[in-house]
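Below: one structure in structure tokens.
Per chain, numbering begins at 1; letters A, B, ... match sequence-line order. Values below: every heavy atom of this structure, side chains too, minus hydrogens, waters and symmetry copies.
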Protein chains: 2
Amino acid sequence: MDLAQAEKSKKLQNALTRTVWTVIMIGGFLGLLAMGHVYMIILVMLCQTLVYREVTSLFSLKRKGDTGETPGRDPWSKTLNWYFFAVTNYFLYGESIIHYFKHVVFSDAQLAPFATNHRMISFALYTIGFVGFVMSLQRGYLKQQFGLFCWVHMTLLLIVVSSHFIVNNILEGMIWFWVPASLVICNDVFAYIWGITLGRTPLIKLSPKKTVEGFVGAFFSTVVFGIIWGTFFMRFDYMICPVRELGVSAFDTTVHCKPNPVFVWRDWNIPAPLSALLSTLLGRAITSIPYAPYQIHLFFMACFASLVAPFGGFFASGFKRAFNIKDFGHSIPGHGGMTDRMDCQFLMGVFTYVYYSNLIRETHVTVGSVLQTIVNGLTFHEQMELIADLKRYLEGQGIRVNV
Amino acid sequence: MDLAQAEKSKKLQNALTRTVWTVIMIGGFLGLLAMGHVYMIILVMLCQTLVYREVTSLFSLKRKGDTGETPGRDPWSKTLNWYFFAVTNYFLYGESIIHYFKHVVFSDAQLAPFATNHRMISFALYTIGFVGFVMSLQRGYLKQQFGLFCWVHMTLLLIVVSSHFIVNNILEGMIWFWVPASLVICNDVFAYIWGITLGRTPLIKLSPKKTVEGFVGAFFSTVVFGIIWGTFFMRFDYMICPVRELGVSAFDTTVHCKPNPVFVWRDWNIPAPLSALLSTLLGRAITSIPYAPYQIHLFFMACFASLVAPFGGFFASGFKRAFNIKDFGHSIPGHGGMTDRMDCQFLMGVFTYVYYSNLIRETHVTVGSVLQTIVNGLTFHEQMELIADLKRYLEGQGIRVNV
């Protein structure tokens, strides 16, 4: 009796912890969203660090169990793990900073040499780690050391590189991070809801709890939710403007930019027969429907979030099963490890970045940027030649140049 | 007696095979060097394919031994290995082709859509592989499958990515591939020669045959050889010109380009006291010494080839020891696997690329390229603004613009 009661009280305690921490997480997330891009980036970096710690510690845990009697592992491994983590972050965040804050970085006399030689420095740092690894090789530990080396690189590739793209999304405009992340969470929640209400057919052998009904139901729910959610947020300049300076929060009324054309409403002219039909049905003339191209992109992002991103979760499930663990860690009380909450976010973040940079981003050519290229890269003679060529081109287009 | 004789004859046979194949390799290499860049690139791709096959087959071999009684492995693995290999190559070589042959790719109506959406297509192809991997997961094979997945990614990262940089080096000018590759081979040979003649002190525990004397001797020999070797080849336009069109061979007399400034001879003015000293010693006035900046770069490349690149070899040695194998394979008769010959080349290739692109490559801004940017990216109004701005800038520099 006492035991049953103790267990019941423990379960209640767990549920309470889980609820409290869910509220804390959502509140914290919203708070950071409003506080500004820097805080969001710090959050992403914190998450990736926790995930990296969880995943790499898994390896050494497993190894400890394997060898049984060697509790003291070679001291280099942990240092090297974190060294490679630091170097990868230095390289990737350096790339982002140089790309997004060119004007700041190259005009600062102390930062400029780091910016110009960034890849060289990163390569040198990596090489030091590589040489350090080779020097740390010890007979009897070789298989373990190479295994860990492989493992660390894999984790860096899948987690740190993904996080880097997520940070780039934040810098391209908060909406490119906020909406995709919401889509994944929404899909998770709806898969659960549809699964427990209608779920019958098992979806994948590895996760017996996942059902086809949940998967399909979540797909439709996510598409509907995604289009509404995205349409709501695209009205705020704070959400859609790329970051120009980092000190901005949601409460600044100074954030303005010329919105990317995908956020601009336009009219879709309904084909005549359909228009006639609709007009008859509704009793008034309807010839066009307003829409923003972003809504079409929202549809594709929702599709990815509900049809492909879950495979990131299946991957993590299979992985946990392979290593016989329930959770990746205990970073979040009541929720297991950070990795358990982030598994689908990485895939979604990379997709968003590739999709955005390929189909949506505008390459901003401005008079200023071209002028900079010309002044730095061409001789005076070539500059005069350029003026003559450009004038000829404009006159060929029927435009009188009077400068 | 018969046995000893058989063994002796086998050894002789081996030595013969090895010599014959060494000659074939050197001859083939020189032949391909002369035949043109395309053949060299094909050679690099062939080498990386062989290395990839050797390294990934190692994993399945090892696994077979581990489980003992399961000779039939899940059929997906091999297909997936080569699928990921193909996708990585598609992505990386696509990037190179788009970068180096912009003018061809974007003006071709059939290639242009592939070029503009290259990253999107590559990501989609990778995602298909990822989903395929998750779908192929089977209980009881999980650890093995995740192990192979990790292994494949590691190999792709270390080998295919490196080869991609080596191919870029070829495209930047044959000398950026030919001289670094020679430096590594030269260092290997001299380390062996100095090692067997003077070698006493062991260098690294893992490879008892390597000695400090060999390492240090090879360093000095490689620096001297490198500067002479590089200085000899920098006189040929075929070696130093970046690739503009692929159909060119060493026998074409049409290859010409404005050489990168590092290949242009200049004079180093000897400081007065030293000059006076030298003049007294030599009996004639010496005030300057001719040099090309490339020779200084050769020094640094030789340093890397002899001080850092060998760690690529130590890495491979440690690896072979960890898995208890003598060679990676039997691709080259008498020489073991391709991997055994290539281990240091990858590290050297990446170094050369980073070093070259950071310190030597000139970003070519031409009147034509700027004009293209202007015409595509600016409105007529902005173009006129640019002309006015540029004119003002030139006049500020004291230059009369009369167009």
Side-chain angles (χ1 to χ4, degrees), chain A residues 116-117 119-120 123 127 130-131 133-135 137-139 142-143 145-146 150-151 153-154 157 205-206 308 311 314-315 318-319 321-323 347 350-351 354-355 357-359 363 365 367 370-371 373-378 380 382-391 393-394 397 399 401 403, chain B residues 116-117 119-120 123 127 130-131 133-134 137-139 142-143 145-146 150-151 153-154 157 204-206 308 311 314-315 318-319 321-323 347 350-351 354-355 357-359 363 365 367 370-371 373-378 380 382-391 393-394 397 399 401 403:
Chain A
T116 14
N117 300 305
R119 289 181 188 174
M120 194 76 195
F123 179 74
T127 306
F130 183 82
V131 170
F133 168 73
V134 174
M135 307 249 276
L137 287 175
Q138 279 175 37
R139 286 196 198 188
L142 288 176
K143 257 198 177 166
Q145 288 179 308
F146 278 102
C150 181
W151 186 244
H153 279 74
M154 182 70 195
L157 195 67
K205 277 182 212 150
L206 284 174
V308 184
F311 281 87
F314 303 157
F315 183 85
F319 192 85
R321 199 170 287 270
F323 288 87
L347 202 54
V350 179
F351 170 76
V354 175
Y355 188 90
S357 59
N358 201 144
L359 299 176
T363 43
V365 181
V367 174
V370 176
L371 200 62
T373 315
I374 296 171
V375 169
N376 291 333
L378 297 181
F380 289 142
E382 287 171 326
Q383 291 177 23
M384 300 232 272
E385 201 182 309
L386 180 75
I387 293 182
D389 284 352
L390 187 56
K391 211 175 149 188
Y393 165 77
L394 283 169
Q397 300 289 315
I399 293 162
V401 183
V403 281
Chain B
T116 15
N117 300 305
R119 290 182 187 173
M120 195 76 196
F123 179 75
T127 306
F130 183 81
V131 169
F133 168 73
V134 174
L137 287 175
Q138 278 175 38
R139 286 195 198 189
L142 289 175
K143 258 196 176 165
Q145 288 179 306
F146 277 101
C150 181
W151 185 245
H153 279 74
M154 182 71 195
L157 196 67
I204 191 165
K205 278 182 213 150
L206 284 174
V308 184
F311 282 87
F314 303 158
F315 182 85
F319 191 85
R321 199 171 286 271
F323 287 87
L347 202 53
V350 178
F351 170 76
V354 175
Y355 188 90
S357 61
N358 200 143
L359 299 176
T363 43
V365 181
V367 175
V370 175
L371 199 63
T373 315
I374 295 171
V375 169
N376 290 333
L378 297 181
F380 289 142
E382 287 171 326
Q383 292 177 22
M384 301 234 269
E385 202 182 309
L386 180 74
I387 294 182
D389 284 353
L390 187 55
K391 211 175 149 189
Y393 164 77
L394 283 169
Q397 300 288 316
I399 292 161
V401 183
V403 281

**Message:** On a heavy-atom basis, which atom in A:Val354 and which in B:Met120 lie closest, and how many Å separate them?
**Reply:** CG1-CA, 3.7 Å

**Request:** Write down the atom of B:Thr127, the atom of A:Val308, and the distance for their closest heavy-atom approach.
**Result:** CG2-CG1, 3.3 Å

**Asked** Would A:Phe311 and B:Phe133 count as a close aromatic pair, with their ring centres under 6.0 Å?
**Response** no

**Message:** Less than 4.5 Å to any heavy atom of chain B: does that hold for the side chain of A:Asn117, its backbone, both, or neither?
**Reply:** both

**Request:** Take A:Leu347 and B:Phe130, measure what side-chain contact (heavy atoms from CB on, under 4.5 Å) needs, and give me the verdict at the end.
**Result:** CA-CA 10 Å; A:Leu347 202 54; B:Phe130 183 81; 4.0 Å; yes

**Item:** Contacting region of A:Tyr355 [heavy-atom separation from chain B under 4.5 Å]
**Value:** both

**Request:** Go through the atoms of A:Phe315 and report whether side chain, backbone, both or neither lie under 4.5 Å from a heavy atom of chain B.
**Result:** both

**Request:** Check each atom of A:Ile399 against the heavy atoms of chain B and say whether the ones under 4.5 Å are side chain, backbone, both or neither.
**Result:** side chain

**Prompt:** More than 12 heavy atoms of other residues, nucleotides or ligands under 6.0 Å from CZ of B:Arg321: is that the case?
**Reply:** yes

**A:Phe314 versus chain B, the contacting section by heavy-atom distance below 4.5 Å** = both

**Fill in**
Most contact-rich option vs chain B, by heavy-atom pairs under 4.5 angstrom, among A:Asp389, A:Leu157, A:Leu137, A:Val131, is A:Val131

**Request:** Identify the heavy atoms of A:Leu142 and B:Ala322 that sit nearest to each other, and give their distance.
**Result:** CB-CB, 3.5 Å

**Item:** Closest non-hydrogen atom pair between B:Gly318 and A:Phe146, with its separation
**Value:** C-CE1, 3.4 Å

**Item:** Choice from A:Glu382, A:Met154, A:His153, A:Arg119 maximising heavy atom contacts with chain B below 4.5 Å
**Value:** A:Met154

**Asked** Taking atom CG of A:Leu386 and atom CD1 of B:Ile374, what is their separation to the nearest 0.5 Å?
**Response** 4.5 Å

**Message:** Pair B:Phe319, A:Lys143 - check side-chain contact (heavy atoms from CB on, under 4.5 Å), show working.
**Reply:** CA-CA 8 Å; B:Phe319 191 85; A:Lys143 257 198 177 166; over 6 Å; no

**Request:** Working to the nearest 0.5 Å, report the span between CD of A:Gln397 and CD of B:Gln383.
**Result:** 8.5 Å

**Request:** Under 4.5 Å heavy-atom distance to chain A, tell me which part of B:Tyr393 shows up: side chain, backbone, both or neither.
**Result:** side chain

**Prompt:** Taking atom CE of B:Met384 and atom CG of A:Leu390, what is their separation to the nearest 0.5 Å?
**Reply:** 10.0 Å

